[in-house]
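Computed from a prediction, not measured in an experiment: that's the story for all the values here.
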Amino acid sequence: MESESDDFLDKYFSDNPENEEEYLKVLNPEQKAAVIHKGKSLLILAGAGSGKTRVITTKIAYLIKHLHTDPFSILAVTFTKKAASEMRQRAISLEEKSAYAQIQTFHSWGAYFLRKYSKRAGFFPDFTVYDDDDAVTLLTNAVPGLSRKQAAFFTHKISLAKDYCLTPESEILATIDDSPEFPDIYLAYEKKLRATGNVDFGDLIMLPYLILRDNPEIRHEIHRRYKVIMVDEYQDSNVAQFKLLEMLSGVQENAGTYVCVVGDDDQSIYKFRGAEVQNILNFQKQFPGTDVIKLETNYRSTSEILACAGSVVKNNSSRLGKNLISARGKGKIPALIFLPNQDDETDFCADLITNTHEKGVPYSEWAILYRTNAQSLGFESTLLHKKIPYVIVGSLKFYEREEIKDAISCLKFIVNPKDEVSFQRIINKPVRGIGESSQKKIIAEASAVSILDALGKVTLQKKAQKGFTEFCETYNSLVNLLPFRIDPKTDSKDGNSTQDKKLSAFVDEVIRLFGLEDFHRCQDEVSGSQKIANLQELINSAVLYEYSKKGLLDFLDHIELDRTLETDASGEESDCVTLITVHNTKGLEFPRVIITGMEHGVFPRENKTKEETEEERRLFYVGITRAQNELYFTSCSCRRLYGRTSYMEPSPFLNELDYSNVRVLGEKPSSFNSKPSASDDPIALEYKKGTSVYHDDYGHGVIVSAQYSEEGDWVVKVNFETGTIKRFLPKYQKKSLLVEKE
DNA sequence: CCCGTCGTTATTTTT
DNA sequence: TAACGACGGG
């Protein structure tokens, strides 16, 4: 999603292929410098909306066209499939040989590498990828004592450990989690995972790194192949990805690979998932002699919007420092609106949108941003009620639906019959009389090749025996349907001519023969038909793949490594307001943006460390810089939170805005910039947050929150040692609520 | 094996 | 508040 001008430029120049040099002339001097740069490594610090994708794609085209780089030797990695496909398309439109460059996500490259080198690295080639949910099930199997909740906790930790490239043996594993059992749990998980032959997300990065590190021969082969490596959104790379990049590029062996990373340290918002800002901050050290080019001209937003963004982000300490300058000039002043409560907030947004819509502004120009998914609920019901069309981006995901996961498990199990997680998911769906204990028995007796080898070895109850036998028969007949060995001459690249049969026919067969279709149809009348429709959609999406084992593996990779895209592929171009979390807006832009819930505790969430607050601030920065023309902030003085209605303080980030540049509307809460200021109110000074108090009826306690109410009264919330939480108006309670002197 | 009820617990989530 | 998991009864 880039600006209209980019679209125009793309089209304009793809229509003028003979005008070779023109595509460089449209760049500003910094962009051009970044494109033609060569030799040393390059760090491109690309501010929001500074045309970063344009630079990367032009660079790829330039490398091929002017420097005669073999496209086969170019690797460009991104973090999302969406970014990858956009990059590939735009690069191809500039230079069609870009189609032969490897432009894909980090993880799909990892899968490609593991399959390619599996033999030489002594690795199972027909792996499929376990998602987080599967991993939890696997861990439950690996460590029998764990409850599902505990398993989820440790699975998360294991995945974090892999993000930091730490093995179970690592001495600094305690930095991830210091519970004494963690290394053993991690080790048990790894053993179980290797036994199934499958991999998890973390493995797709960490295993290629380990293989490259330990196999000089493969490493050198890789170095001979890749002459140029580019990484997009580098601020979101994790430690494992850095190590992989280091190994791939051979920087320590002077392999001569040209490395170019692009990112914006101010937009690093995935620390909680293992992203490491230090990667971009330290890049110049790790890749000696790196040149740095800053892209600071912003083509997206008006200068007022950028002024907001700048005044906020300057409060962060560890940054490389950038200053965005608007190429678009002045526009409308952003507005901050104070509202009594969240219902007024949703009403306000709806009315604002309706009002402009009546004046001809399409709904699709609007995006409503919020910090947490839970906040979308109110907007949904209001918009529904007021008949404003909307889309929610990124909530319920197609591939996380039960029936889809079931079907995928069937497919995964067919590829890899050692996959006990998928086996457990499908064996008793529909009911085959194989309960938990029978499943355990079967898995225990399974051979290293297949779980089905347990047939004949285990003694089960009559019903279970029959069910298992039938299951095995179904499995075998399905496997026989699929040509496992394909003609090596039939390359997948342009192979829709030779074989007419599509993988969708196979997927259809699998779903039917395993009884999934009937199972979900019978479950319940209403949701059943939706489930059948979803299964049908899955079947349809397999039409693009060849009817072979390789086609099936490709299909599964595609699903596991790209779980977002498919939903909007149905081609709905209708005019809708976008409801979206701030995290999900990265890389997007909208003409009009409302950032909602600007309250302390909501945005930012109650964070403790300075680091976390800085990440929240960057998140706010990302939100602001999505807006092209109009920007609104809303803040409520009251909000229902966890079933309680609480008084809210305005977000501290709002104090960082420059109010010569922001219009403030609505009733300002007393604690915001106005009269009853806490700094000269004796009651407020005495009853502050954190103060210890004593109450005759409730005992000792601590003030956990203190602020002015709508009526202008100072309200404190006290958490007593007994565990009860009470609210008081100190004005009237001075006698019974005593401040304890230290 | 399914369903109701009680208790617990609340981020963000590219792959 | 609401949603989900754990548990127990029919």
Is the distance from OP1 or OP2 of dT13(B) to the nearest side-chain N or O of N584(A) less than 4.0 Å?
-> yes
Aromatic-base stack, F272(A) on dT12(B), cutoff 5.5 Å, angle under 30 | yes
NA contact type, F106(A), heavy-atom cut-off 4.0 Å: base, sugar-phosphate, or nothing?
-> nothing
By nearest-nucleotide position on DNA chain B, the 5'-leaning member of K149(A) and R371(A) is K149(A)
F113(A): ring-ring contact (aromatic ring centres under 6.0 Å, His included) partners, not counting sequence neighbours = W109(A), Y117(A)
Can you find an N or O donor on one side and an acceptor on the other, under 3.5 Å apart, linking the side chain of R273(A) with the base of dT15(B)?
-> yes
Is there a donor on the side chain of R640(A) or the base of dT1(C) sitting less than 3.5 Å from an acceptor on the other?
-> no
When you check the phosphate oxygens OP1 and OP2 of dT14(B), does a side-chain N or O of T105(A) lie under 4.0 Å from one of them?
-> no
For S159(A), what residues pass the side chain to side chain contact (heavy atoms under 4.5 Å, CB included) criterion, not counting sequence neighbours?
-> D163(A)
Pairwise side-chain contact, M598(A) with M648(A), heavy-atom cut-off 4.5 Å (strictly under) = no
Check D557(A), D419(A), D134(A) against K412(A) for a salt bridge (charged side-chain N to carboxylate O under 4.0 Å, His left out) and give me the one that passes.
-> D134(A)
dT13(B) OP1/OP2 closer than 4.0 Å to side-chain N/O of N373(A) = yes
